[in-house]
Asker: 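Got a structure for you, questions after.
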Amino acid sequence: MAVDGLITAERTVAEALLAHYRVHARRLPWRSPPGAAPPDPYAVWLSEIMLQQTTVAAVIPYYERFLARWPTVEALAAAQDGDLMAAWAGLGYYARARNLLACARFVAGELGGRFPDTEEGLRALPGIGAYTAAAIAAIAFGRRAVVVDGNVERVVSRLFAVETPLPAGKAELRVLADGITPERQAGDFAQAMMDLGATICTPTRPACLTCPLAAMCVARARGTPERYPVKAPKKAKPTRTGTAWWIEHDGAVWLVRRPDKGLLGGMLGLPTSDWREGAAAMALPDIAGDWTPLNSGVRHVFTHFALELGIARLAPGPAGAERIAKALGPGQWWPRAALAEAGLPTVFARVVQAVMALGED
DNA sequence: TAAGCGTGGGT
DNA sequence: TACCCAAGCTT
């Protein structure tokens with residue numbers, strides 16, 4: 001048996017990591033201290049959905065606002081769709097917000113307001129995949145679950161110097177993670193692994209000198225921790241171009257609700273042309289009037305393409321204003337002075353900024 | 001299995 | 001500047 005505080009080959013990964021976590025755990029709004037009673041499953045679920053592919057720093061203010069406004073799953077289930085989407089605006093991956101609402105309504109309506117306490121039950125809910133089901137089961141319900149996120153993949157790939165490139169290597173990494181996951185305290189263990197990945201076993205320049213697992217780490221022994229995880233090469237990102245249509249009448253701007261599926265689904269936005277590769281010219285809708293192409297535009301990078309969005313402006317006048325809905329489909333006039341509160345996704349918030357910077361005319 | 005799906009911060 | 005990356009899920 002290892003002497004406490006001294007890391008030896010006999011000490012397991014979980015023992016070394018949990019001892020470190022008891023002292024160095026990050027204090028986060030949705031987290032209970034190490035060894036304490038589990039937090040409210042609603043809080044765990046809400047934080048885990050927000051944290052999918054999103055940094056802790058970005059999530060914290062959204063989490064605080066959501067929990068204050070909708071303190072229970074029943075309260076969230078009663079929210080208006082538009083209010084929920086607007087509150088999520090800026091956080092990205094908007095399918096998460098749509099699934100969040102669907103999940104809350106199912107739990108509140110069909111499950112008596114109680115989240116399932118097993119991985120299998122959680123996995124069946126909208127927006128909850130393998131990682132999130134395992135994380136909630138372990139953190140909120142004390143289950144032994146193998147929690148594998150990007151942090152865990154990086155830590156495990158270095159511990160065992162796994163050469164199989166991601167994403168093909170995911171299955172292998174999961175088996176290895178299973179092998180080091182303890183029977184008890186799986187929730188603390190999962191959070192300890194993620195803390196380690198976020199603060200010590202970082203993608204670049206890992207702080208191996210302060211790592212509680214350094215003595216057990218094969219990549220460290222080889223002197224090449226940054227080599228892992230090995231990743232398959234990624235594809236080039238194309239550029240698409242399009243035009244946003246700024247139609248303003250009587251101090252208000254025409255906004256449209258985007259379809260539920262696809263990019264920025266369910267979000268409010270400016271009407272735009274199609275976004276296509278190669279198209280360069282300003283594109284205008286079939287609305288007669290004195291269109292003004294603006295010199296400024298917006299460049300915005302999405303996950304799988306970059307967008308260069310030009311802006312064309314129209315002041316249709318009272319008669320023309322009534323034809324807008326017919327030409328562009330359903331939408332609403334939003335007061336220009338209140339656009340900051342419309343809950344627009346970032347790409348359109350930037351268009352608003354660009355137009356506002358031009359002044360009233 | 002692979003592609004689609006946001007955004008902001010770090011290097 | 002141009003990448004890379006972050007507590008992934010859905011289809």
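What you see is a predicted model; the values in this text were computed from it and never measured. In what follows, chains are A, B, ... by sequence order, proteins preceding strands, each numbered from 1.
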Asker: Who pairs with A:W246 by ring-ring contact (aromatic ring centres under 6.0 Å, His included), at least two apart in sequence or on another chain?
Answerer: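 Here no residue qualifies.
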
Asker: In terms of the angle between their ring planes, are A:H300 and A:F302 parallel, tilted or perpendicular, with boundaries placed at 30° and 60°?
Answerer: perpendicular

Asker: Hey, could you give me each pair passing side-chain hydrogen bond (donor to acceptor under 3.5 Å, both in side chains) that has a residue in residues 96-109 of chain A? Not counting sequence neighbours.
Answerer: A:T54-A:R96, A:D81-A:R105

Asker: Between A:W88 and A:F66, what is the ring plane arrangement, given parallel below 30°, perpendicular above 60°, and tilted in between?
Answerer: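 Ring orientation of A:W88 relative to A:F66: perpendicular.
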
Asker: What range of DNA chain C does chain A touch, first nucleotide to last, counting atoms under 4.0 Å from its heavy atoms?
Answerer: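 Here the contact window of chain A covers C:dC4 to C:dT10.
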
Asker: Side chains of residues 254-261 of chain A: which donor-acceptor pairs under 3.5 Å do they make with residues two or more places apart or in other chains?
Answerer:
{"unit_1": "A:R257", "atom_1": "NH1", "unit_2": "A:G266", "atom_2": "O", "d": "3.1"}
{"unit_1": "A:R258", "atom_1": "NE", "unit_2": "A:L263", "atom_2": "O", "d": "3.3"}
{"unit_1": "A:R258", "atom_1": "NH2", "unit_2": "A:L263", "atom_2": "O", "d": "3.1"}

Asker: Across nucleotides 5-11 of chain B, 5' to 3', mark each nucleotide with B, S or - according to how protein heavy atoms within less than 4.0 Å reach it.
Answerer: BBBS---

Asker: In residues 28-44 of chain A, which ones come under 4.0 Å of DNA chain C, going by heavy atoms?
Answerer: A:L28, A:W30, A:R31

Asker: A:F189: which residues meet the ring-ring contact (aromatic ring centres under 6.0 Å, His included) condition with it, sequence neighbours left out?
Answerer: none

Asker: On DNA chain C, check which nucleotide each of A:K234 and A:A135 is closest to and give me the residue with the more 5' one.
Answerer: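 The residue mapped nearer the 5' terminus is A:K234.
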
Asker: Who are the ring-ring contact (aromatic ring centres under 6.0 Å, His included) partners of A:F106, not counting sequence neighbours?
Answerer: none

Asker: Counting the atoms with a prime plus P, OP1 and OP2 as sugar-phosphate, which does A:V56 contact under 4.0 Å by heavy atoms, base, sugar-phosphate, or nothing?
Answerer: base

Asker: Sequence neighbours left out, what passes salt bridge (Lys or Arg N to Asp or Glu O under 4.0 Å) with A:E308? Give chain and number order.
Answerer: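 Expected list: A:R299.
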
Asker: Could you tell me how far C:dC9 sits from B:dG8 if I compare only their P atoms? Round to whole Å.
Answerer: 22 Å

Asker: Would you call the rings of A:Y63 and A:W30 parallel, tilted or perpendicular if under 30° counts as parallel and over 60° as perpendicular?
Answerer: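 Geometry flag for A:W30 against A:Y63: perpendicular rings.
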
Asker: Please work out which residues in residues 125-134 of chain A have a non-hydrogen atom less than 4.0 Å from an atom of DNA chain B and list them by number.
Answerer: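 Residues of residues 125-134 of chain A under 4.0 Å from DNA chain B: none.
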
Asker: Taking atom P in both B:dA2 and C:dA7, compute the distance separating them and give it to the nearest angstrom.
Answerer: 23 Å

Asker: Apply the test salt bridge (charged side-chain N to carboxylate O under 4.0 Å, His left out) to residues A:D290 and A:R313: give CA-CA distance (whole Å), side-chain angles for both, the deciding distance (0.1 Å), then the verdict.
Answerer: CA-CA 8 Å; A:D290 188 11; A:R313 187 161 57 178; over 6 Å; no

Asker: Could you pull out all residues at least two apart from A:Y21 that satisfy ring-ring contact (aromatic ring centres under 6.0 Å, His included)?
Answerer: none

Asker: Using side-chain hydrogen bond (donor to acceptor under 3.5 Å, both in side chains), reason through A:Q52 and A:Y131 one step at a time and then give a plain yes or no.
Answerer: CA-CA 9 Å; A:Q52 289 167 4; A:Y131 159 76; over 6 Å; no

Asker: Report the residues that fulfil side chain to side chain contact (heavy atoms under 4.5 Å, CB included) with A:A75, sequence neighbours left out, ordered by chain and then residue number.
Answerer: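 Scan of A:A75 (side chain to side chain contact (heavy atoms under 4.5 Å, CB included), adjacent residues dropped) gives A:W70, A:P71, A:T72.
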
